[in-house]
Amino acid sequence: MSTIISLPDQATARLPRKSFLNEEYGIKSWLLTGDHKRIAILYLVSITFFFVIGGALAGLIRMELLTPPSDLMATDTYNKVFSMHGIIMIFLFLVPSVPATIGNFLIPLMVGARDLAFPKINLLSWYLYMAGGLIIFAAMVLGGVDSGWTFTTPLSTHYLNTHVTTAAIGIFLAGFSSIFTGLNFIVTVHRMRCPGMTWFRLPLFVWSHYATSIIMILGTPVLAITLVLVALERTLDIGVFDPSKGGDPLLFQHLFWFYSHPAVYIMILPGMAVISEVISTFSRKRVFGYTAVAFSSVAIAVFGFLVWEHHMFIMGVSQYSALVFSLLTMLVAVPSAIKIFNWTMTLYRGSITFETPMLYAFGFMGLFTIGGLTGVFLATLGMDVHLTETYFIVAHFHFVMVGGMLMAYLAGIHFWWPKMTGRMYPEAISKVSAIVTFIGFIVTFFPQFLLGYLGMPRRYASYPADFQVLNVFSTAGATILGIGYLLPMLYLPWSLVYGAIAGDNPWQATGLEWQIQSPPLTVNFVEIPVMDHEAYDYEWLANKTVHEVQTVG
Amino acid sequence: MDSHSVATAPGELVGGVDPHSHPSFLRHHFESVGQQREAASFGMWIFLLTEVMFFGGMFCAYLIFRNWYHPAFVAGSNTLDITLGTTNTAVLIGSSFTMAMAVYSAEMRRRSQLILFLTLTIVLGFAFLGIKAVEYHQKFVDHHIPGPNFSIQEFVHPSNPHAIPLSPDMAQKTQIYFSLYFAMTGMHALHMIIGISLLFFMVWRASQNAYTEGHIMPVENFGLYWHFVDIVWIFLFPLLYLISRYR
Amino acid sequence: MSHISPVLWQFLVNWFKNFAVFPPEASTIAPYADALYFALVGVTITGLVLVFAMVTFFSIRYRKDRHPEAVQIEGSTVLEATWTLIPLGIFLVFFVWGALLYFRIYNAPPNAMNVYVVGKQWMWKVEHPGGQHEINALHIPAGIPIQVTLISQDVFHSFSIPAFRVKREAIPGRYTTVFFQATRPGKYHLFCTQYCGTDHSGMVGWVYVMAPDDYRAWAAGNTSGASLAQNGERLFAVMGCNACHTGTSQARGPNLFGLYNSRVRMTDGSTMVANEAYLREKILNPSLHVPAGFVPIMPNYQGQISESGLIDLVEYIKSLDSNYRLHQMMNKSVLDSAQPEPIGSANQGAGAAPVPGVQKP
Amino acid sequence: MTEKIDPEHQEQHIVGPPVYLTIVITLLVLTAVTTGVAFIDLGVFNPIIALAIACFKASLVVLFFMHIKYSSRLLKMTVLCGLFTFMLLMTLTMTDYISRAWGMW
Ligand code: HEA
Ligand code: HEA
Ligand code: CUA
Ligand SMILES: [Cu+2]
């Protein structure tokens, strides 16, 4: 059973005359569109905007931390900077990053549907996102928020006079945007699959997004009500989280992390979705252990709801319940390991090529493994006591979020760029930027593990001089990292005009989305396809030139 | 064996509507009316799940504080007007009934009956909000609204006929009870207000014959929403009004 | 650039002189934590090397030039089971290991010397049993188990001593405790690690670990005259507590002698341990838990006593317990044995015997 | 595996007024019962009975007014899934509160 795929040469490919990009013109046709592909592009543009802001704030953080005293900005300003950095990066960038752009674009294509189940709700969710984003942006411009992204009570409710309520409203709206995205995905996956597309023929991308959506719809509302209560506490002075009234600030932690822990899986599962596709495509092999990978996604989503208290181990929760949650956290780490090993084994006896997405995917595997295993450090009760609230955590979550998800996001953007735009990105420079990103990343965040074990607390504007050397490394790395991210922002737009024409299936991939023209038509499929083979069936693809199954000419 | 393949097979009657007749309300990306309706009601249920979790956060808070500060919750609960509360429960259940009947009328394609039941639902909804407003006003008069003006007078003096007076520290905790009371009933009332606004819209659409030509999905989905709001109240009522009434 | 490089240079030099990538091990906990840490690091490196080696090897061996035909493989249940169970097993080992350490850190031995720490925006106020007060500094003797009882006056803070590998959140309205035993005299960082507002990064201080002699000398030189328990005793009279808690059988309030750490039966039939948290709660919210056989007539003192005052009262009530006193005496004797001549009020607050107003029944 | 949307049986089950009337009357009666029971001292059983009645009422609404009784298995699972997550939130939070050493419970 070996596969050589020889599709017709893509070099002669030409841009299709009609596609979703030129179906209609004018700003209105974009702002009122129901087309999931256009909404994906809207998201792409807007999250990039917020990423640049968040990144610039990260730059400020690193600049301040270059020297021990808080000399670049006042401590107050610094607090606002990292709070806004966290809030923007998490709620406005990472949570919607892959699902709302790549997922939005691809899920209907992958399941063989004309659109998501509720196009208007999809558009509404973008508007909610923008409203939320602009409100948060306004909160930042009007003076900032200094609660950290975790809004710890009673600090956020009674001791800050910054725009906490405004930011909470913004997050509330952005949260509903993500609820609606999740809702749309679930209904689409359940109800809109094309004939022959059984659950176990779905690409793993869809499985992962399905799992993500479960978390989005079940977790996000708890965050919403928690923020409402915080806002009510600030405005109307109710006392649910206020210890001086008999309320319990720990209850806030419970409710907040009930969302925010599962949310970290909202932030990684879509990344894993991308990696499954990329690794399979560039090793021309079916993903090793398809069912195991599919179920591990769902397992992560379900177990993800059982472990939130590991963020509160030293906050005065009962020691027995800490035991329970530490144990459950160990369990949730296992499905991630399953995935990593399955991807590794997918390479075995494949026929591997090293295009940019694949490089990012390798980066993901390495960095996520480090990030994930350091998560296990934190899940280990006695270790967490020393490591919590230090830079070790900062390093942990940047490894999983930036090294994991952001790498995966970039892998995905590069991988599907030809599909989205019909043009190739420039290969050489993008490889350089992938490598620069990787190096920059390691230099930035690896020293933070050491800093964390040394005991440097997070959210510190000034720190003892003993910690400076490692911080200098970190700042230097962040500069490299910034360049690594800046490059795609330059060459991707460039490729819109000058990039080579991609053709329908430049990667010789098997997904339904690759069997139609790039960029696709607004209706996606002229005729609803009939799925008659497994996902990642490279045999089928190899024979495809014989039996032409293309739905769009 | 995939079901969607069946949906595209010709000559099948889906949901009573011929899939190939393509009624005007069938949106382009759906294959059939049946698929569209299934999707819509599934979507609505998913949305209701998020609502369950939304209220769930407050129920969780309620559970904890009720057990910590039980005497305060008893005292707070006993200040609520049980007649108004029970009436309101009945009113809301009635409105759920009229809503169910509205859905039925839409299914039966009876326009005037549909409008009638929708209007009745509006009336009952307003009745509920009206009674709620009276209760809120009462709380306002009694200084039982959490915040700087909150007063524990009633709970420390034996002037309160219902409850044994609490010690001052426990009486303070009634503020937690009222915080939860206002947060929960307030969120519930907010849902009612949204619901009533949608009802007005639906009466208008119904009068244009929008729901009585086979396209009953909006009415049905709105019905689900309305019943959900009713269910929330079904739990709020015993939890907030009926704590140790026998005192 | 010209601004950065001298700085960089200077600190590179510094770094080679003082290669700090690892914090000092200065408590009995630290070796345990470090052992766990290195075990975790070992597993991480193993896992990473495993993944890295496989990826590299496959990438070279099966790259397209060498291996143009991919071989389709379904999967393997045996392999799936392997990499489910082995990591699970490893993780479970760490779960147990970590849990043991956690309980070691948060459950002090009964003879631990008690130090109170109050966190507030943005400083640490330390109160020693002997009545010494310090701000943003903590002087402790080496070799003696120490329990820090924490509370916050406003928001969450977190009391962190990296060299000891311990840390605990200070919570408004509740006591939390953390335990350690310093081993090496020296000066160590003390941080507030929970974000607590504007000056969070300024809420830092030093922990001075001293040889027992030095500690006693320091304690003698810094005492404010009265121990915590003595202050508490005074407060007990001033607040009128002794009006009811006379310690006699006709008293309106229960006898507080020997109350600390005993099990108290409540009116609702449950029992509670009368620990610091319970005592504090009794003074602020007396009607939350009512001991069996009493009418809840005790007034509440919310808003009338500061956190330090509460600590004094609690320490006083604790000192009425002979067991507790005994344990503290043992500490004292450890301290004393280091140097024969007895020194003033180093630790005598807790041991301050017969307290007027409360008699043995 | 895949949930079935069988178009033939998907023919909307129309619930008629008699059912609705029965349900609404049951609900009103139960409201009266639950209020009445609240005035009798049953110790720990008061909240239990109140909640039991509330759950029963809610199930009636879900099953009949909201047509779950006649809906596909997918929708039934959806409802259960919501309940399950809600219970998770409650029970796991409670693991902390009931076992806190300072015994506020
Ligand atoms: C994308 C986001 C993301 C992801 C995926 C994770 C994944 C994990 N996280 Fe992380 N975490 C965060 C984002 C994330 N985290 C954030 C943002 C915070 C801080 C929040 C704040 O306070 O601001 C945080 C904080 C945090 C804490 C709290 C620390 C504290 O506050 O004290 C803990 C504690 O348990 C933890 C644990 C874990 C674990 C066990 C995983 C696991 O899911 C990881 C599983 C993965 C692996 C285990 C790697 C793969 C395994 C292998 C390749 C097998 C290796 C081989 C062998 C074992 C031989 N995380
Ligand atoms: C998706 C999430 C995400 C991402 C992508 C990042 C990206 C980065 N983060 Fe962030 N970070 C968080 C989520 C994220 N972070 C969270 C949740 C916190 C906790 C907040 C809290 O405590 O409340 C945090 C906190 C945090 C801290 C700790 C602050 C503290 O505790 O005191 C630091 C310190 O180094 C840091 C650094 C960085 C750096 C260097 C990057 C880099 O990867 C960013 C690199 C990107 C760019 C630089 C932008 C691209 C470049 C350009 C657009 C060119 C223009 C750039 C400039 C002019 C500078 N972050
Ligand atoms: Cu106190 Cu940070
Ligand atoms: Cu977590």
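Chain letters run A, B, ... following the sequence lines, proteins first, then strands; residues in each count from 1. Side chains are part of it too, since the values below use all heavy atoms of this structure and drop only hydrogens, waters and symmetry mates.
- If you measure heavy-atom distances from T93(D) to chain B, the contacts under 4.5 Å come from the side chain alone.
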Self-check item: Chi angles and distances behind the side chain to side chain contact (heavy atoms under 4.5 Å, CB included) call for T34(D), F237(B)
Solution: CA-CA 10 Å; T34(D) 193; F237(B) 173 62; 4.1 Å; yes
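- Comparing A50(D), G82(D), P17(D) by heavy-atom pairs within less than 4.5 Å of chain B, the highest count is held by P17(D).
- Interface residue L21(D): backbone and side-chain heavy atoms are both found under 4.5 Å from chain B.
- Looking at F228(B), the atoms closer than 4.5 Å to chain D (heavy atoms on both sides) sit in the backbone and in the side chain alike.
- The local environment of CE in M90(D) is crowded, with over 12 non-hydrogen atoms from other residues, nucleotides or ligands closer than 6.0 Å.
- Distance CH2/W45(B) to OG/S71(D): 7.5 Å, rounded to 0.5 Å.
- Looking only at heavy-atom pairs under 4.5 Å with chain B, the residue among A32(D), C55(D), C81(D) that has the most is C55(D).
- With respect to chain B, the highest number of heavy-atom pairs below 4.5 Å among L28(D), T35(D), L27(D) belongs to T35(D).
- When heavy atoms are compared at a cutoff of 4.5 Å, M108(B) approaches chain D solely by way of its side chain, counted from C-beta outward.
- Between F65(D) and F97(B), the two ring planes are tilted [angle within 30° to 60°].
- For V103(B), the part lying under 4.5 angstrom from a heavy atom of chain D is the side chain only.
- For CZ of F45(D), the number of neighbouring non-hydrogen atoms (other residues, nucleotides, ligands) closer than 6.0 Å is 12 at most.
- Interface remark: N46(D) contributes side-chain atoms only to the contact with chain B (heavy atom separation under 4.5 Å).
- Proximity to chain D (any heavy atom under 4.5 Å) is restricted, for I231(B), to the side chain, taken from C-beta onward.
- In this structure, chain D has a heavy atom under 4.5 Å from the side chain of I82(B), while its backbone stays farther away.
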